[in-house]
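Here the structure is laid out as structure tokens; the discussion comes afterwards.
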Amino acid sequence: MSTSDAPSGHRVQIEYCTQCRWLPRAAWLAQELLTTFETELTELSLAPGTGGVFVVRVDGDVVWDRKQQGFPEPTAVKRLVRDRVAPGRALGHSDRP
């Protein structure tokens, strides 16, 4: 595949702890992100992990790490993802403090 054939969207990964049973939380956040950024994302994956991990990555870069920042509110993650995939785009009620 040449670079001109490559998808132009972004990839999000949510890595979650299977030992902690955080799959429902990860799946819910995935649904929120896919609904909000359906035209900007080409992929959203859920990656099982262990050791209390809950990390959100955009194009391989960590935008949220539970071990450093606690569990995210969906609006906080949406803002961080938006800043990477659609800068300047309004998020409606999610933009309100």
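Just so you know, residue 1 is the first one in the sequence shown, and it goes up from there. Scope of the values below: all heavy atoms of this structure, side chains included, with no hydrogens, waters or symmetry mates.
Under the 4.5 Å side-chain criterion, counting only non-hydrogen atoms from C-beta, Asp59 is not in contact with Arg84.
In this structure Glu43 satisfies the side-chain contact (heavy atoms from CB on, under 4.5 Å) test together with Arg11, Ser45, sequence neighbours excluded. The side chain to side chain donor-acceptor pair (under 3.5 Å) check on Asp83 picks up nothing, with sequence neighbours excluded. Under the ring pair (Phe, Tyr, Trp, His ring centres under 6.0 Å) criterion, Phe37 pairs with no residue, sequence neighbours left out. For Glu73, the salt bridge (Lys or Arg N to Asp or Glu O under 4.0 Å) test picks out no residue, with sequence neighbours left out.
Screening residues 12-24 for side chain to side chain donor-acceptor pair (under 3.5 Å), with sequence neighbours left out, gives Gln13-Arg57, Glu15-Arg57. Counting only residues at least two apart or on different chains, the salt bridge (Lys or Arg N to Asp or Glu O under 4.0 Å) pairs with a member in residues 23-34 are Glu32-Lys78.
For the residue pair Cys20 and Gly52, the shortest heavy atom distance occurs at SG-CA, 3.9 Å. In terms of heavy-atom proximity, Arg89 sits nearest to Arg82 at O-NH1, 2.7 Å. Across all non-hydrogen atoms, the minimal contact from Val77 to Pro72 is CG2-CB, 3.3 Å. Residue Gly70 comes nearest to Trp64 through the heavy atom pair O-NE1, 2.7 Å, listed as atom of the first residue, atom of the second, then distance. Trp28 and Pro74 make their closest contact through CH2-CG, 3.0 Å (heavy atoms, listed as atom of the first residue, atom of the second, distance).
Members clustered with Val62: Val53, Val55, by chain and number, using a 4.5 Å side-chain heavy-atom cutoff among hydrophobic residues.
Distance alone, capped at 3.5 Å, is enough to place a donor-acceptor pair between the Gln69 side chain and the Asp65 backbone.
Considering Thr36, Val85, Val58 in turn, Val85 is the only one that fulfils the side chain to side chain contact (heavy atoms under 4.5 Å, CB included) rule with Leu41.
Distance check: Leu46 CG to Leu29 CG gives 9.0 Å after rounding to the nearest 0.5 Å.
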